[in-house]
Amino acid sequence: MEVLLAKANHAFTDCFEIAETLRAMANDTEEQVQVEKNEESYLIQLAGRTTPKGLHCLSIRLTTEYLLLQPEKRQFPNQHKLQDLDFYHYAVFSDEILACAVVVNSTTASAKEPEKIVFHVVTDSLNLPAISMWFLLNPPGKATIDVQSIENFEWLSTEYSSALKEQKSNDPRYTSALSHLRFYLADIFPALDKIVLFDHDVVVQRDLTGLWSVDLNGKAHAAVETCHESEASFHSMHLFMNFLDQFSAKRLNASVCTWAFELHLICVSKAYFPGVLLQGLKRPLWKTESLPLGWITFYNQTVALEKSWHAFGLGHNSGLSQGDIEHAAVIHYDGIMKPWLEIGIAEYKGYWSKHVQYDHPYLQECNIHE
């Protein structure tokens, strides 16, 4: 043993230096890993906010065709149904052509009575020609469709538009007026009683007629709750709101249940905008996005829907149960990994892509493939 210890002592005379060297190497490796993680996150965010070349091509192609049409050829049929309360009215606010197409196609394909569906698509003036042309070329079967531009809403004041631009965010999802139109439904659809509002990153898998029989019990809307910590869709009010501010502390309960925007039935007359956006610009009441603004707007005005109506996480969570996805009436690609982008989660893309007409000549010309 003495001989062995002597040999070991002779061979490893600088154990302390070796330990320090290894520790320094480990720290360098950890820093390099963190740099690469940050770079990966940045590239994913960049990819999520960039329009793919194929979709840009499709937009230009459709816009060109639309501008060549005579004015009378730009009209959609059955416009007399747009304010008829005997029909089921759905709406989506978006500037994405294929996303709108999938929402409309999946809704009508899943409906037992598609002839009773009226779909309202609201976009901006830049994308109005392309989206209009798409639905003129590809009408949604027996359903009725209407496409409007946000620029036609004269009541949307310039004061409101400039207020949105004051928000300190580089993400157009939170500064675009399209993201906030849900708070002005009474102005957009004054003749309607109820409407189902979708985000553009959803796919409908089941007939939604049952939604219209939900008793709102005098409240403003019905949606699926997101306040259960054991679920992937969990959102907590205190994570998004500044409860140190007296405005929030006096009016809101941090433990109240939150809910999802992406599918909800709304009583149009109660869908009012309370002016809290301007309050939030004066001081930091919430993180920069429309979700907490919606929670404030409809605070204590929500009826909880059954979980089976809505499955979340297809745009950021690769560990979702196939059973939960397939049994949901509506699935939602919340997150940055949208199904129309290359960074979309491959195992979930099929639910979305089956509603896309990849054999359409314009998609073929623009090299848009499944």
Side-chain angles (χ1 to χ4, degrees), residues 37 40-41 44-45 47-48 90 92 94 96 98-112 173 196-214 221-240 255-265 289 291-292 294-295 302-356 358 369-370:
K37 283 184 176 179
E40 178 188 24
S41 177
I44 289 175
Q45 293 293 326
Y90 298 89
V92 60
S94 174
E96 294 282 352
L98 288 188
C100 288
V102 168
V103 174
V104 174
N105 291 347
S106 63
T107 302
T108 54
S110 304
K112 295 178 180 178
R173 293 175 298 171
V196 170
L197 181 63
F198 294 117
D199 268 10
H200 69 180
D201 51 357
V202 304
V203 175
V204 178
Q205 303 188 124
R206 199 170 72 220
D207 179 67
L208 300 180
T209 305
L211 269 180
W212 298 91
S213 61
V214 172
H221 78 143
V224 173
E225 294 179 340
T226 57
C227 57
H228 304 288
E229 293 189 39
S230 60
E231 298 176 353
S233 60
F234 171 69
H235 286 95
S236 175
M237 182 81 77
H238 78 273
L239 295 177
F240 289 81
S255 62
V256 74
C257 216
T258 57
W259 46 268
F261 257 136
E262 299 77 27
L263 161 71
H264 55 156
L265 173 69
E289 56 179 279
L291 185 59
W295 293 338
T302 305
V303 173
L305 292 175
E306 292 289 335
K307 293 291 182 183
S308 60
W309 280 109
H310 193 174
F312 311 83
L314 282 79
H316 65 87
N317 184 355
S318 59
L320 298 177
S321 161
Q322 183 178 359
D324 288 344
I325 294 174
E326 294 182 353
H327 288 115
V330 175
I331 56 175
H332 179 213
Y333 291 83
D334 52 319
I336 199 72
M337 300 178 185
K338 304 302 184 189
W340 55 85
L341 301 176
E342 290 188 8
I343 61 173
I345 301 175
E347 62 187 291
Y348 301 147
K349 280 192 174 183
Y351 299 106
W352 187 85
S353 61
K354 69 180 181 182
H355 296 288
V356 180
Y358 287 106
H369 304 288
E370 187 172 359

How close do [X] and [Y] get, counting heavy atoms only, and between which atoms?
X: Ala304; Y: Glu225; answer: CB-OE2, 3.4 Å
X: Trp309; Y: Leu305; answer: CD1-CB, 3.8 Å
X: Tyr351; Y: His355; answer: O-CD2, 3.5 Å
X: Ala311; Y: Ala328; answer: CB-CB, 3.5 Å

Do you know which of Val224, Ile331, Thr226 makes side chain to side chain contact (heavy atoms under 4.5 Å, CB included) with His310?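 Of all the options given, the one that passes is Val224.
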If you measure from [atom1] on [X] to [atom2] on [Y], what distance do you get to the nearest 0.5 Å?
X: Ile325; Y: Leu320; atom1: CD1; atom2: CG; result: 5.0 Å
X: Tyr358; Y: His369; atom1: OH; atom2: NE2; result: 10.5 Å
X: Glu306; Y: Leu211; atom1: CD; atom2: CG; result: 11.5 Å
X: His316; Y: Ile345; atom1: NE2; atom2: CD1; result: 8.0 Å
X: His332; Y: Asp199; atom1: NE2; atom2: CG; result: 5.0 Å
X: Glu342; Y: Lys349; atom1: CD; atom2: NZ; result: 7.0 Å

Is the centre of the His200 ring less than 6.0 Å from the centre of the Trp340 ring?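 Yes; Trp340 has its ring centre under 6.0 Å from that of His200.
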May I ask you to check whether Phe198 and Tyr90 place their ring centers less than 6.0 Å from one another?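 Yes, ring centres under 6.0 Å apart.
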May I ask you to decide if [Y]'s main-chain N or O and [X]'s side chain share a donor-acceptor pair within less than 3.5 Å?
X: Asp334; Y: Phe312; value: no
X: Lys338; Y: Tyr333; value: yes
X: Ser110; Y: Thr107; value: no

Go through the steps for Arg206 and Ser308 under the test side chain to side chain contact (heavy atoms under 4.5 Å, CB included), then give the verdict. CA-CA 10 Å; Arg206 199 170 72 220; Ser308 60; 4.1 Å; yes
Are Leu208 and Val330 close enough that some pair of their side-chain heavy atoms sits under 4.5 Å apart? yes
Is the closest side-chain donor-acceptor distance between Thr302 and His221 under 3.5 Å? yes
Stepwise side chain to side chain contact (heavy atoms under 4.5 Å, CB included) test for Val202 and Val103: CA-CA 6 Å; Val202 304; Val103 174; 4.1 Å; yes
Could you go step by step and tell me if Val102 and Val203 meet the side chain to side chain contact (heavy atoms under 4.5 Å, CB included) rule? CA-CA 7 Å; Val102 168; Val203 175; 3.9 Å; yes
